[in-house]
Each structure stands twice: as C-alpha cells, then as structure tokens.
Amino acid sequence: MSAHQERGHDGVTDADIALLLARAADEVEIGMAPYQAVLRGGRRRRARRWAVAGAAALVIAGSTGTLALAGGTGTDDGRRVAPAVTAPSTPEQRHVYEPRMTTLATAWDHGKEWSVTSIVWGAPKNEAEAQYQRSQMSEYGLTPTGTEVASDLIGKSWIFVGLLVGDGHPTTVLDGPAEKAGSFSGTDIEAASVPLRTGRAGTAGEYRLLVIGKVAPTAREATCRWSDGTSTRVPRAPEGAGFTTELKPMIRPVAGSPAHWFVCLAPAGTSYKSAAVTR
C-alpha cells in the first residue's frame, strides 16, 4: 500500500435492491448532496461511477443474508444446497472491467459525513485485457501506483482505497496489488494512518487520524493503539452489520480481497502508535 505502513438489516429482497440502486442512480443524476461539487465539469462521469457503485456497495453490505440464499437450489426434502462453483473465465466474470466495491466505514465528524470505500479490479490475463482495464480505471480517476504501462497489470488484482469527506471528491489514500489468497494468516496485520480532514482549516481540530488496515480472514479482533496510551478495540462485524453516524470500528470482508479490512479513528489530539491482531 502506498502510505506509511506497519506490518505486525434486515433482510432485503432482490426487488428492494433494484429499487434502491435505481433511486441512487436518479439521485446522482440530479446532484445527490455528497457529490454536487464533482458533478460539475469534466469530473461528472467519474463521480457518477463512484456514487452509483458506492450506493450499490452500501445496499449489498446490508443484505448479506438475502444474497447468500439467492443462489441456492432446493432438494426433494426441502434442504438447500449450494450450486456448483466454476472458475470465472470471461473478463466480465472476473471483474476486470467493472470493479467490486465495498464500504469499509462511514460516519460523521465535525458535521461532515465521511466514508472509506475499497474498489477491487480483477486480474487481467493478457495485454488486451490490461489495456482496456487501465482505460476503465481512468473513468474512475484512478491510476495504479508504480505502473508505467498496461502490461504491468497482467496477472494482478488491484485494490484502491478511497476516502470521501463531505461534498468533496473521493481521494485515493492507498492502492496496490491485492494480496494473494492465503498470504495473510494468524496474527498477520498491515495498517496505515491517513488524515481525516473534517475540521476547519487552520485550527487545532483540523484533522484526526484514520487507521486503515487488513488482517487474516480468521482474525476475530484487532486493536489500534494511540500515542496517549489508549486503544480502540475492533471486533469482527456480525453478519448484516450496517453503519451509524458515529464510527463503530469493525473487521469486514471485502469483495475481491482475500484479506479482511478495518478502519479505526484516533481520539482527538492523539496520533497512531501501532495495531495488532488481539484475538
């Protein structure tokens, strides 16, 4: 990740989801509040993509149980069995051209809503796929760090983590190749701190620190430690866990990433010290 690092709803029907996504698209078209600034000028298309995809990520995050059952098939005795899983073969099935997005955290601070979202692109298999993927990334205003030509993306899934504050434009705070399956296990952890600028510019409370990290899928709890000796416990999110106006840090699965991710917020006036898997 390209930042300072340390290693160490209720049920919702498919119709409900379709309606919510349609409404999200309509709202963005007329200028939904968090994106008004970016709907003007040449940024309109990429802001619309972020907004609609972000709305989809929020809807899906709150309907895990419904979606998990949607693909099952029945047996004669009424039991449900999972359908056979086949390896995705086309670029579309592998999400090479349309990424998967997951909301990691969203809350309010100093009267401003903020959110952290992951966006994961599947690995292209050849030059043609890589070239088209790179052009699609640009539609979101994204450029993979450390790559010079499209072929640098071949064989790599790529993850971007974006921060949106108030009515600003999403800013990429971390990006890099997604970790390989099995590369995170036990107490493995990787975390980075980034400023959350929600206060008035030039004041002592201009910003607090966000810590964004990833852990193994088996991790049940992480702990963020701060410079004043305090700490923040980050448990695993229960199934269907949503979001509130005040941040409740949780470890969450991310579509397209073998690792699970979390976001925690430093208390005002403190800085980031360390993070560790504690359960």
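- Lys214 NZ to Trp261 CH2: the interatomic distance, rounded to the nearest 0.5 Å, is 4.5 Å.
- Counting only distance, with no hydrogens or angles, the side chain of Thr147 and the backbone of Pro144 share a donor-acceptor pair below 3.5 Å.
- Checking side-chain atoms of Thr102 against main-chain N and O of Ser118 turns up no donor-acceptor pair under 3.5 Å.
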Please set out all donor-acceptor pairs under 3.5 angstrom arising from side-chain atoms of residues 218-225, sequence neighbours excluded.
residue : atom : partner : partner atom : Å
Glu221  : OE1  : Arg233  : NE           : 2.5
Glu221  : OE2  : Thr278  : OG1          : 2.7
Thr223  : OG1  : Thr278  : OG1          : 2.9

Exercise for review: Quick one: do Arg208 and Leu265 satisfy side-chain contact (heavy atoms from CB on, under 4.5 Å)? Show the steps, please.
Suggested key: CA-CA 7 Å; Arg208 295 166 68 182; Leu265 180 63; 3.5 Å; yes
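- Every residue two or more places apart in sequence or in another chain that forms a salt bridge (charged side-chain N to carboxylate O under 4.0 Å, His left out) with Arg197 is listed here: Glu206.
- Nearest heavy atoms, Glu129 versus Ala123: OE1-O, 4.4 Å.
- Put simply, the side chain of Thr106 gets close to the backbone of Trp114: a donor and an acceptor are under 3.5 Å apart.
- Note that CG of Leu153 is 9.5 Å distant from CD of Glu127, once rounded to the nearest 0.5 Å.
- Smallest separation of non-hydrogen atoms from Ala241 and Met250: CB-SD, 3.9 Å.
- For Gln133 (side chain) and Val96 (main-chain N/O), a donor-acceptor pair under 3.5 Å exists by modelled atom type.
- Note that OG1 of Thr230 is 10.0 Å distant from NZ of Lys273, once rounded to the nearest 0.5 Å.
- Taking both residues in full, the closest heavy atoms of Lys112 and Val165 are given as CD-CG1, 4.2 Å, listed atom of the first, atom of the second, then distance.
- Checked by atom type and distance alone, the side chain of Asp175 pairs as donor or acceptor with a backbone atom of Thr145 at under 3.5 Å.
- When the salt bridge (charged side-chain N to carboxylate O under 4.0 Å, His left out) test is applied to Arg279, no partner is found at least two apart in sequence or on another chain.
- Taking every heavy atom of both residues into account, Tyr140 and Glu98 meet most closely at OH-OE1, 3.4 Å.
- To the nearest 0.5 angstrom, Leu104 atom CG is 11.0 Å from Leu210 atom CG.
- Between Trp158 and Gly176, the shortest heavy-atom contact is NE1-N, 3.3 Å.
- Between the side chain of Arg100 and the backbone N or O of Ile119, no donor-acceptor pair lies under 3.5 Å.
- Of the possible donor and acceptor atoms, one in the side chain of Arg236 sits under 3.5 Å from a partner among the backbone N and O of Pro217.
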